[in-house]
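Chain letters run A, B, ... following the sequence lines, proteins first and then strands; every chain starts at 1.
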Amino acid sequence: MLRIAESLETQLRAAMQRAFPDAAASGQGFDPQLAPASKPEFGDFQANGALPLAKPLGQPPRKIAEAVVEQLKADPAFTELCQDPQIAGPGFINLTLKPERLAAEVQARLGDQRLGVPAVEQAAPVVVDFSSPNIAKEMHVGHLRSTIIGDSLARVLEFRGHPVLRLNHVGDWGTQFGMLITHLKQVAPEALDTADAVDLGDLVAFYREAKKRFDEDEAFQTTSREEVVKLQGGDPVSLKAWGLLCDQSRREFQKIYDRLDIRLSERGESFYNPYLEGVVKDLDASGLLVVDDGARCVFLEGVSGKDGKPLPVIVQKRDGGFNYATTDLAAIRYRFGDAPQGDGARRVVYVTDAGQANHFAGVFQVARRAGWLPDGARLEHVPFGLVQGEDGKKLKTRAGDTVRLRDLLDEAVERAEADLRRRLQEEERSEDEAFITQVATTVGLAAVKYADLSQNRITNYQFSFDRMLALQGNTAPYLLYAVVRIAGIARKGGDLEAGSTAPLQFSEPQEWALVRELLKFDAVIAEVEEELLPNRLCTYLFELSQVFNRFYDQVPVLKAEGPARSSRLALCRLTADTLKLGLGLLGIPTLERM
RNA sequence: GGGGCUGUAGCUCAGCCGGAUAGAGCGACGGUUUCCUAAACCGUAGGUCGUGGGUUCGAGUCCCGCCAGCCCCGCCA
């Protein structure tokens with residue numbers, strides 16, 4: 001109902017100006033303060049704009065509201081949309097849309113692939129930087145949040161019509177490669193001679209071994225440091241070893257991405273290697289660079305450290321090497337830069353844990369002051385909290401190790417399968433193994449994703465299989481079940497297309513509640529696009545499912561006749577379409593039966 | 001020491017840039033099934049929104065102080 005809200009806002013503002021022409025002439029601003037009604041009994045919208053005018057106009061707010069309402073009633077465009085406005089409380093103006101307008105809005109969405117969500121004009125690219133695991137390390141629950149949230153945000157932005165670059169900023173460069181390559185050369189030298197990639201086995205164990213030797217063996221350390229220099233200098237053998245390690249990791253990461261249906265373009269830290277020097281030069285040229293204690297840095301404005309001195313962002317270490325801040329700066333410059341030496345982005349978002357907030361704030365400030373952001377460009381950190389166990393502490397296995405992502409996904413699917421089998425037995429249903437596997441996989445993975453997405457990302461997130469797989473409450477299974485119910489109606493002879501052409505007729509309060517809920521979808525998408533908070537979409541889908549379940553429980557569909565039947569079928573169809581699309585934007589596929 | 005985030009019902013959390021009597025879910029208690037999957041629906045109980053000030057018509061929301069928890073703080077990412 002975004003369009004209607006816009007019309008109402010314009011009409012309200014005009015009505016306020018007509019009601020108080022003198023104040024308008026003397027520059028008094030009028031903000032209708034239009035918002036969705038906070039309660040159903042208040043109608044569809046509420047305008048609170050009369051209250052703040054009481055003082056400047058020297059009149060009681062209710063009287064102001066009355067004057068505005070009088071003007072509204074004289075506006076044919078308004079009376080076509082709304083019933084008579086009601087004034088309530090201290091001076092709220094409550095607006096209720098005419099039933100035929102609501103029905104027409106539903107009708108318009110029935111044939112609409114976009115369900116009323118407008119598509120933006122082909123705009124400049126949006127970069128979503130997410131997931132970003134480190135080469136030779138296992139993906140863990142921390143990456144899960146970034147991956148799931150980032151993917152969902154990318155899907156929403158894509159749906160709105162933005163060209164989205166989903167960038168996987170993998171940790172594929174840096175000092176740790178010195179020890180990895182040195183270790184590789186010593187334990188698997190044959191890998192460097194074969195043309196094809198060689199299976200290096202368990203990379204995580206490999207990493208641990210290398211780390212252990214690095215910590216214990218001084219000669220190994222020295223060789224490792226030399227190896228870093230060789231790699232950065234472009235030594236072919238070192239590069240080959242580096243490539244092998246990256247390939248091996250990539251294969252492992254891809255398994256996870258495939259399972260979760262995540263699409264990502266890898267562009268690791270190494271990509272920006274050729275641009276690092278340019279960053280430092282650029283900063284120097286713009287006069288931001290200061291040499292301090294041998295390191296080249298930019299001192300931040302408004303951020304002071306321990307001794308009260310401004311905090312620096314170090315872009316070149318005393319030994320001449322670059323660090324992650326340099327890489328991040330190079331990435332920002334490249335992403336906002338024009339093609340071919342850049343992505344031409346207008347909005348860049350980073351989905352990383354909240355612990356990096358300071359780092360990004362610093363780096364962003366440097367980028368702005370260096371003048372790398374085009375006018376109107378948005379550069380945003382999208383932080384999220386830690387994943388905690390049910391004890392409120394950082395999530396660990398019973399043995400105290402970091403939880404591996406694939407183990408976590410396996411367990412979710414296994415639990416979903418056990419639940420399903422128990423239910424089948426209780427209900428004396430019989431399904432083939434393919435069905436069970438399919439449902440368990442979908443439900444298990446959906447539960448993991450939805451549990452993560454449904455919480456405001458900024459807070460720490462308490463991970464619980466029991467809660468996320470619960471069949472009731474704000475969970476994936478509950479939402480999936482609503483879709484299944486509608487599919488059931490279709491299976492039992494309900495032609496969901498029936499209402500598309502016939503005129504819609506609603507009589508029951510549950511029908512109107514569902515209509516009103518369905519029409520909120522476009523506003524929710526716009527909000528997620530702006531605020532980058534997927535939990536707003538989850539809340540909406542949950543509420544839609546609740547309203548639908550009430551409707552389903554109390555209003556018969558298949559047993560109804562005539563226009564009531566086709567109208568109800570139309571509501572079912574739009575509900576299913578909205579849930580499928582909404583869940584799709586969360587990266588969650590739906591089921592016909594479960 | 002400085003900075004960031006968090007603090008809302010027994011538990012897990014919402015709260016849409018200041019609006020009407022603070023909302024869900026779980027758990028607890030009590031109901032509903034000749035009917036489209038009861039994985040549902042209906043009802044009851046449960047809150048001094050950490051705390052003390054301030055701003056104004058109006059504060060969970062904005063500002064300041066304090067308390068508690070988590071995280072970050074120069075050459076790791």
Side-chain angles (χ1 to χ4, degrees), chain A residues 33 35-39 42 46 48 51-52 54-55 60-61 88-92 94 132 134 171 174-176 269 292-297 303-308 311-319 321-325 327-328 352-359 361-362 383 385-386 388 390 392-394 419-420 423 427 429 443 454-456 458-462 464 466-467 470-475 477-478 480-482 484-494 523-524 527 530-531 533 535-536 538-540 542-543 546 549-550 552-554 556-559 568 572 593-594:
Chain A
Q33 294 197 13
S38 57
K39 290 194 170 167
F42 298 153
Q46 59 184 54
N48 306 334
L51 292 121
K55 195 170 243 184
F92 302 110
N94 290 336
S132 308
N134 291 316
T175 46
Q176 78 273 23
E269 293 170 358
D292 190 76
D293 200 12
R296 311 178 91 175
C297 28
V303 188
S304 49
K306 290 172 189 156
D307 41 12
L311 222 56
V313 170
I314 293 174
V315 295
Q316 192 163 21
K317 299 185 283 187
R318 195 164 29 202
D319 65 5
F322 304 108
N323 63 10
Y324 64 105
T327 306
D328 280 334
T352 79
D353 70 275
Q356 298 190 52
N358 290 341
H359 163 66
L386 293 165
Q388 300 173 319
E390 290 185 68
K393 291 182 184 156
K394 199 171 171 186
D419 276 353
L420 176 60
R423 259 178 13 84
E427 295 169 18
R429 272 168 67 190
V443 171
S454 61
Q455 191 151 128
N456 188 324
I458 199 71
T459 52
N460 288 347
Y461 155 51
Q462 201 173 99
S464 161
D466 287 334
R467 272 203 298 273
L471 308 167
Q472 55 280 97
N474 189 5
T475 65
Y478 180 86
L480 291 173
Y481 180 60
V484 163
R485 282 184 136 181
I486 299 169
I489 290 175
R491 253 196 323 277
K492 292 281 168 71
V524 172
E527 195 182 323
E530 180 59 28
E531 313 275 340
L533 289 172
N535 69 302
R536 296 277 164 82
C538 295
T539 301
Y540 169 72
F542 175 54
E543 283 168 359
Q546 281 184 308
N549 276 328
R550 254 165 242 151
Y552 180 94
D553 194 61
Q554 290 156 42
V557 177
L558 292 178
K559 292 205 163 154
R568 287 169 191 176
C572 289
R593 296 193 303 123
M594 63 192 278

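Regarding A:Leu311, its CG atom lies at a distance of 8 Å from the C1' atom of B:G74, rounded to whole Å. Distance CZ (A:Arg429) to C1' (B:A38): 13 Å, rounded to an integer number of Å.
Only the P atoms considered, B:C70 is 25 Å distant from B:U61, to the nearest whole Å. Nucleotides B:G27 and B:C13 place their C1' atoms 14 Å apart, quoted to the nearest Å. Spacing between B:A59 and B:A24 at atom C1', rounded to whole Å, works out to 22 Å. Using atom P as the reference point in both B:G47 and B:C41, the two lie 25 Å apart (nearest Å). Comparing the C1' positions of B:G52 and B:A9 gives a spacing of 24 Å, expressed to the nearest Å. A distance of about 10 Å separates the C1' atoms of B:U56 and B:G18, rounded to the whole Å. Distance check on atom P: B:U55 versus B:C16 gives 24 Å, rounded to whole Å. Taking atom P on both nucleotides, B:G25 is separated from B:A40 by 11 Å, rounded to a whole Å.
A search for side chain to side chain donor-acceptor pair (under 3.5 Å) contacts involving A:Ser132 returns A:Asp129, not counting sequence neighbours. In this view, A:Gln554 and A:Gln510 satisfy the side chain to side chain donor-acceptor pair (under 3.5 Å) rule, not counting sequence neighbours. Remark: A:Tyr324 pairs with A:His359 by the ring-ring contact (aromatic ring centres under 6.0 Å, His included) rule, at least two apart or across chains. With sequence neighbours excluded, the residues satisfying side chain to side chain contact (heavy atoms under 4.5 Å, CB included) with A:Pro52 are A:Gln33. Not counting sequence neighbours, the partners of A:Asp466 by the side chain to side chain donor-acceptor pair (under 3.5 Å) test are A:Arg415. Not counting sequence neighbours, A:Glu269 has no partner by the side chain to side chain donor-acceptor pair (under 3.5 Å) test. Here A:Thr475 pairs with A:Ala470, A:Pro477, A:Tyr478 under the side chain to side chain contact (heavy atoms under 4.5 Å, CB included) rule; sequence neighbours left out.
Across all strands shown, A:Phe542 has heavy atoms under 4.0 Å from sugar-phosphate atoms exclusively, and none from any base. Counting any heavy atom pair closer than 4.0 Å across all strands shown, A:Pro312 reaches a base atom. Heavy atoms of A:Leu533 sit nowhere under 4.0 angstrom from any nucleic acid atom.
In terms of position along RNA chain B, the nucleotide closest to A:Gly473 lies nearer the 5' end than the nucleotide closest to the other residue of the pair A:Gly473 and A:Asp353.
Side-chain N/O atoms of A:Asn535 include one lying less than 4.0 angstrom from OP1 or OP2 on B:G15. Taking side-chain N and O atoms only, A:Lys559 has no distance below 4.0 Å to OP1 or OP2 of B:C35.
When distances run from any side-chain atom of A:Gln472 to the nucleotides B:U6, B:C70, B:A40, the shortest one goes to B:A40.
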Which atom pairs link the protein and nucleotides 41-45 of chain B when you take only N or O atoms and keep those under 3.5 Å?
residue	atom	partner	partner atom	Å
B:C41	OP1	A:Tyr478	OH	2.6
B:C41	O2'	A:Asp553	OD2	2.8
B:C41	O2'	A:Gln554	NE2	3.4
B:C42	OP1	A:Arg550	NE	2.5

Report, one pair per line, the protein and nucleotides 8-13 of chain B atoms (nitrogen or oxygen only) whose separation is under 3.5 Å.
residue	atom	partner	partner atom	Å
B:C13	OP1	A:Gln455	OE1	3.3

Grab the N/O contacts between the protein and nucleotides 75-77 of chain B below 3.5 Å, and write none if there aren't any.
residue	atom	partner	partner atom	Å
B:C75	O2	A:Arg318	N	2.9
B:C75	N4	A:Asp293	O	3.1
B:C75	N4	A:Asp293	OD2	3.1
B:C75	N4	A:Arg318	NH1	3.4
B:C76	OP2	A:Lys317	NZ	3.1
B:A77	OP2	A:Tyr324	N	2.9
B:A77	O3'	A:Glu269	OE2	2.4
B:A77	N7	A:Tyr324	OH	3.1
B:A77	N6	A:Tyr324	OH	2.4

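One N or O on the side chain of A:Arg568 and one on the backbone of A:Pro556 form a donor-acceptor pair closer than 3.5 Å.
Helical stems in RNA chain B, defined as runs of 3 or more consecutive Watson-Crick or G-U wobble pairs with donor-acceptor distances under 3.5 Å: B:1-7 with B:67-73, B:10-13 with B:23-26, B:28-32 with B:40-44, B:50-54 with B:62-66.
Within the 4.5 Å cutoff, the side chain of A:Ile314 has heavy atoms near those of the A:Asn323 side chain.
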- Message: At under 4.0 Å between heavy atoms, how does the protein contact nucleotides 16-23 of chain B? Give one character per nucleotide, 5' to 3', with B, S or -.
- Response: B--BBS-S
